[in-house]
Amino acid sequence: MYPGEDTDAPGQPPERRAGEVPERPTLDGLEAKWGAAWERERTYAFDRTAPRERVFSIDTPPPTVSGSLHVGHVFSYTHTDTIARYRRMRGMDVFYPMGWDDNGLPTERRVQNYYGVRCDPQVPFDPGFAAPTEPPEEPLSISRQNFVALCLTLTESDEQAFEDLWRTLGLSVDWGMTYTTIGPESQRISQSSFLGLLRRGVAYQLEAPTLWDVDFQTAVAQAELEDRERPGAMHRVRFGREDGGEALIDTTRPELIGACVALLAHPEDERHAALVGGEAITPLFGTRVPVLTHPLVQSDKGTGLVMVCTFGDLTDVVWWRELGLPVRPLLGADGRLVPVPWGEPGWESRNPDAARAAYSELEGRTVNQARRRIVELLAASGELVGEPQPIQHAVKFFEKGDRPVEIVTSRQWFIRTVEHQDALIARGRELRWDPPYMRARFEDWVHGLTGDWCISRQRFFGVPFPVWYPLDEQGQIRHEDPILAEEAQLPVDPSSDVPPGYEPDQRGTPGGFVADPDVMDTWATSSLTPQIVARAPSAASANRKDHGAARAGGQAVDDGDLFERVFPMDMRPQAHDIIRTWLFTTVLRSHLDYDVLPWREAAISGWVLDPDRKKMSKSKGNVVTPIALLEEHGADAVRYWAAKGRPGADTAFDAKQMKTGRRLAVKLLNASKFAIADLPPDAAAASHPLDRAMLERLAGVVTEATACFEDYDYARALQRSEDFFWWYCDYYLELVKGRRYAADPDISASVGHALRRSLSVLQRLFAPFLPFVCEEVWSWWQEGSVHRAPWPQEAELGGADGAREAAVNGSGTPAQRDLALDVVGDVLREVRKAKSNAKQPMRAPVERVLVRDTQERLDALALGADDLRQAGSIEIVHTEPGDEFGVEVQLADGNPAA
RNA sequence: GGGCGCGUAGCUCAGUGGGAGAGCGCUCGCUUCACACGCGAGAGGUCGCAGGUUCGAAACCCGCCGCGCCCA
């Protein structure tokens with residue numbers, strides 16, 4: 001029960017009031033109580049009038065809205081929040097918005113499964129459409145507009161659930177600044193940036209070989225690929241020659257023999273030198289193909305001779321481009337073999353009838369089906385040499401896909417990246433990386449770029465390209481002559497909006513226009529999160545780069561100079577798995593549009609692994625839901641576990657750490673209650689040597705924790721504070737109990753002073769980690785929120801105060817006082833051990849203690865002997881100089897115990 | 001194949017040139033006037049292996065083994 005809880009109306013949390021310490025403090029309910037208070041008092045609101053030098057801006061990762069947050073999110077977002085809270089207490093105005101990444105394939109997939117629908121752009125819009133209450137057996141085909149509406153509905157409820165979870169976790173986000181990547185502002189900025197790139201020739205459209213997912217039937221980007229080990233087979237196939245000879249090649253993709261356009265050998269491979277320059281003839285299809293050389297051919301693989309197809313893998317694309325080979329595409333967008341005209345130009349054959357007959361066995365089949373069949377055909381014709389050899393090999397998959405990516409020629413939008421490689425490496429070196437070794441991943445990725453970034457997707461729930469195409473008099477699309485939206489129009493949906501200079505009824509008519517049907521890759525928008533949160537002004541007609549860094553020449557939209565106050569931002573927190581996607585693309589876009597880094601620092605967090613050190617994933621069934629965690633342990637305890645995870649390091653999920661965190665939070669409640677309830681009178685300064693020594697130790701902790709935070713080492717800051725706090729509770733608080741309850745205010749006031757100072761500092765030291773319990777204990781005796789209180793400083797603890805030093809007599813030098821804490825602690829431990837060995841309670845009286853130690857340590861002991869006697873219930877403490885530390889304890893019952 | 005990281009007590013981890021540590025778990029004890037969601041005490045380690053540098057190595061260097069990730 002909290003103060004005032006029973007008198008306030010239900011649902012209305014009690015107003016903050018200082019000075020009341022509950023009889024039985026508890027952690028239960030603190031999340032709801034203080035979550036509501038922070039909202040009411042706008043504790044974390046960003047002050048838009050703050051000058052840039054006082055702003056600390058954070059480019060928070062917008063979590064993908066496709067179901068639920070998992071414990072890995074809780075982990076890394078907590079790291080960011082500890083930094084945000086630290087900076088806020090340091091007096092910074094923290095710009096800390098939250099976003100939701102809701103556009104893109106994950107949402108489409110979720111909507112498909114949740115409602116049992118599929119998007120079919122051919123289906124007309126149904127204004128009265130309502131989603132089925134139960135997903136039907138067969139997916140329902142619905143229009144693009146209805147599909148997008150369902151996506152918006154579902155993401156909205158998901159986003160509310162996400163926000164609730166983040167509030168319960170205690171993220172100190174300004175919830176008045178939330179954005180979504182499908183929202184109008186994101187669309188405007190995304191389209192505006194795209195148009196700028198297009199005008200400057202940095203974005204371009206090209207009909208080209210493109211990585212293609214045959215299930216989603218969309219282009220995908222290099223960054224979205226992953227290798228998966230899959231079983232395959234190496235087939236040795238005999239090609240013919242005009243002179244009747246043969247050429248043997250090895251391939252894992254015999255189904256593409258019909259698409260073969262050349263054979264290649266390494267230029268220095270003597271074995272095939274005679275063949276090079278001549279021609280070979282494909283089996284089954286009888287097509288003549290040239291035999292050429294290229295340095296990328298690996299002579300040690302198979303026969304050293306490879307076939308180049310349209311297109312079996314990315315290397316085929318390189319060869320096709322560099323050797324100027326023709327195309328012979330066999331694969332359709334759905335991953336099946338398309339009909340082709342054998343015998344006609346481009347599909348020449350020595351025997352078109354045989355080619356047609358063989359191909360009829362393959363046409364319309366999937367890649368796998370065609371592969372099985374062609375192996376049978378090759379075996380029957382004697383052109384398969386030996387048996388296929390089973391192998392394990394890495395196959396490229398779209399990271400969200402179920403079948404290997406294919407390479408299909410199609411018209412797509414690209415952003416130039418390859419020519420900026422050097423500049424991007426240089427940007428990566430300007431950036432501060434935490435931990436520093438993460439930069440290697442960025443450089444690896446940039447060095448490995450093989451093509452420009454394909455940003456168009458043949459999907460539905462995304463930001464559309466703000467582009468239409470004119471139709472000529474025959475109704476043919478003139479792709480080379482796109483009509484661009486005007487800045488003032490943005491955001492536009494070209495499928496419903498009309499381009500400048502046209503009428504709506506000209507859509508799809510000869511001489512009229514059609515919309516670009518594609519949407520942007522989700523990263524094409526996510527890469528602009530700094531611009532989105534900062535509400536980047538439109539570029540208008542001028543391009544941004546012409547106006548210099550971070551100073552767009554265009555008109556402000558509605559937030560005036562917010563952009564200039566927060567951009568470039570201070571920190572980008574994110575996990576290491578999306579360095580090649582989110583981090584890379586954000587650096588790229590900022591470089592291209594503003595010629596500047598988007599942020600000063602990238603703080604890279606690790607993953608949460610299950611106790612077997614495997615990545616947590618739904619398919620393994622080892623996912624822990626954050627809500628259950630928060631309910632079981634409480635937000636502060638979960639945050640404690642997260643904050644123990646060092647920057648960049650993967651961390652095993654460990655509920656025991658949460659129990660430890662809860663223990664710490666409970667300890668803070670009880671220690672605060674002990675210290676604050678019936679506080680002794682205050683003094684101008686601590687006069688007792690042990691009080692002063694404790695404060696001096698704490699000053700050292702403050703210095704260290706501050707340095708850790710400045711170095712982004714929140715975990716060590718917590719560790720140092722915690723180490724001190726447990727010592728403080730176990731030794732200091734026990735030692736001073738006698739003086740704390742002393743009737744003489746001259747004695748108790750020194751403790752009163754020390755307790756006030758230390759508790760205040762400790763509550764603030766823990767505030768970034770345990771925001772709920774710290775706010776609770778702070779509210780018992782202080783005005784305002786602890787999260788708006790100043791970060792503690794050494795000077796508060798009177799450490800280096802020369803005047804005060806002189807005013808207090810008999811408390812030794814700082815070194816002697818600190819030693820006194822050690823020696824008193826050592827002796828107390830021995831006394832406790834004696835009682836423990838004698839199976840006596842700790843309060844059991846001790847008749848006599850003899851301490852043998854060096855004179856220096858005995859002198860120090862004298863400074864705290866009174867407190868030692870009290871804490872150990874010791875009658876007399878004798879000392880005896882010696883070389884070795886030793887303690888003899890005489891318990892009051894007469895039995896020597898040690 | 002290249003790169004990065006990791007390997008310390010049963011578990012999770014801290015410790016970067018000079019005493020091998022913490023929490024949890026385990027054993028024993030204590031209803032001590034803030035706290036039994038507690039307190040006290042104790043047991044437990046050849047610091048992955050091998051070599052080198054050094055007066056001195058868990059730490060620095062070299063090699064190997066194992067695990068994870070990124071890239072090809």
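The structure presented is a predicted model; accordingly, all values stated were derived computationally and were not measured. Computed over heavy atoms, backbone and side chain alike; hydrogens, waters and symmetry mates excluded. Naming: A, B, ... by sequence-line order, numbering from 1 per chain.
Atom CZ of Arg321(A) sits in a sparse spot, with 12 or fewer heavy atoms from other residues, nucleotides or ligands closer than 6.0 Å. Other residues, nucleotides and ligands contribute at most 12 non-hydrogen atoms within 6.0 Å of the CD atom of Glu884(A).
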Please write out the pairs of protein N or O atoms and N or O atoms of nucleotides 27-34 of chain B separated by less than 3.5 Å, giving the distance to one decimal.
unit_1  : atom_1 : unit_2    : atom_2 : d
rC28(B) : O2'    : Lys839(A) : NZ     : 3.4
rA34(B) : OP1    : Lys737(A) : NZ     : 3.3
rA34(B) : OP2    : Tyr741(A) : OH     : 2.6
rA34(B) : N6     : Cys729(A) : O      : 3.3
rA34(B) : N6     : Glu734(A) : OE2    : 3.4
rA34(B) : N3     : Asn670(A) : O      : 3.2
rA34(B) : N3     : Ala671(A) : N      : 3.3

Interface polar pairs with nucleotides 24-26 of chain B, N/O, under 3.5 angstrom:
unit_1  : atom_1 : unit_2    : atom_2 : d
rC24(B) : OP1    : Arg663(A) : NH1    : 3.0

Where do N or O atoms of nucleotides 17-20 of chain B meet protein N or O atoms at under 3.5 Å, pair by pair?
none

Can you check nucleotides 3-5 of chain B for protein contacts, nitrogen or oxygen pairs under 3.5 Å, and list what you find?
none

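Side chains of Val446(A) and Thr417(A) form no contact here, defined as non-hydrogen atoms less than 4.5 Å apart. By the 4.5 Å heavy-atom criterion applied to side chains, Leu664(A) and Phe769(A) are not counted as neighbours. Put simply, the side chain of Lys644(A) reaches to within 4.5 Å of the side chain of Glu722(A), judged on heavy atoms. Contact annotation: the side chain of Leu583(A) approaches that of Trp433(A) to within less than 4.5 Å [non-hydrogen atoms, C-beta and beyond].
Here rC69(B) presents its P atom at 15 Å from CD1 of Ile579(A), a figure rounded to the nearest Å. rC37(B) atom C1' lies 16 Å from atom CD of Glu776(A), rounded to whole Å. What separates NZ of Lys659(A) from P of rU12(B) is a distance of 17 Å, to the nearest Å. Residue His576(A) contributes atom NE2, which lies 9 Å from atom C1' of rC70(B) at whole-angstrom precision. Atom pair Asp577(A):CG and rC69(B):P shows a separation of 12 Å (rounding to whole Å applied). If you measure from atom CG of Leu27(A) to atom P of rC35(B), you get 15 Å, rounded to the nearest angstrom.
In this view, Phe75(A) and His79(A), Trp641(A) satisfy the ring-ring contact (aromatic ring centres under 6.0 Å, His included) rule, not counting sequence neighbours. A search for ring-ring contact (aromatic ring centres under 6.0 Å, His included) contacts involving Tyr728(A) returns Phe724(A), Tyr732(A), not counting sequence neighbours. Arg756(A) is linked by a salt bridge (charged side-chain N to carboxylate O under 4.0 Å, His left out) to Asp682(A), counting only residues two or more places apart in sequence or in another chain. For Glu704(A), the salt bridge (charged side-chain N to carboxylate O under 4.0 Å, His left out) test picks out Arg720(A), with sequence neighbours left out. In this structure Arg572(A) satisfies the salt bridge (charged side-chain N to carboxylate O under 4.0 Å, His left out) test together with Asp59(A), sequence neighbours excluded. The salt bridge (charged side-chain N to carboxylate O under 4.0 Å, His left out) search around Arg739(A) returns Asp691(A), Asp867(A), not counting sequence neighbours.
The partner of rC39(B), taking Watson-Crick or G-U wobble pairs whose two distances both stay under 3.5 Å, is rG29(B). Pair check for rG19(B) finds none; no Watson-Crick or G-U wobble contact set falls under 3.5 Å. The partner of rG44(B), taking Watson-Crick or G-U wobble pairs whose two distances both stay under 3.5 Å, does not exist in any strand shown. The base-pairing partner of rC4(B), taking Watson-Crick or G-U wobble contacts with both distances under 3.5 Å, is rG68(B).
Interface residues of residues 703-725 of chain A facing RNA chain B, ordered by number: Arg716(A); criterion, heavy-atom separation under 4.0 Å.
Distances shown here put every side-chain N or O of Arg829(A) at or beyond 4.0 Å from the OP1 or OP2 atom of rG40(B).
A cation-pi arrangement is absent between Arg639(A) and Tyr714(A), since the terminal nitrogen or guanidinium carbon is not both under 6.0 Å from the aromatic centre and inside a 45° cone about the axis.
Residue contacts shown for Gln222(A) are limited to sugar-phosphate atoms, with no base heavy atom under 4.0 Å away. Residue Trp727(A) is out of contact with every strand shown, counting any heavy-atom pair closer than 4.0 Å.
Across the P atoms, rC49(B) and rG10(B) are found 14 Å apart, a figure rounded to whole Å. On the C1' atoms, rU12(B) is 12 Å away from rU8(B), given to the nearest whole Å. For the P atoms, the distance linking rA20(B) with rA57(B) amounts to 12 Å, nearest Å.
When each of Arg852(A), Lys833(A), Arg829(A), Glu830(A) is tested with Val887(A) by the rule side chain to side chain contact (heavy atoms under 4.5 Å, CB included), just one qualifies, namely Glu830(A).
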Given the rule in the salt bridge (charged side-chain N to carboxylate O under 4.0 Å, His left out) test, do Arg646(A) and Asp713(A) qualify, once you have shown the distances and angles that lead to the verdict? CA-CA 7 Å; Arg646(A) 306 191 89 78; Asp713(A) 199 349; 3.5 Å; yes
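In this structure, OG1 in Thr581(A) is found 7.0 Å from CD in Gln574(A), a value given to the nearest 0.5 Å.
Applying the salt bridge (charged side-chain N to carboxylate O under 4.0 Å, His left out) test to pairs two or more places apart or on separate chains, those with a residue in residues 437-452 of chain A are Arg429(A)-Glu443(A), Arg439(A)-Glu443(A).
Summary of the strand contacts: Lys396(A) and Ala649(A) both lie near RNA chain B, and taking for each the nucleotide with the nearest heavy atom, the more 5' one is attributed to Ala649(A).
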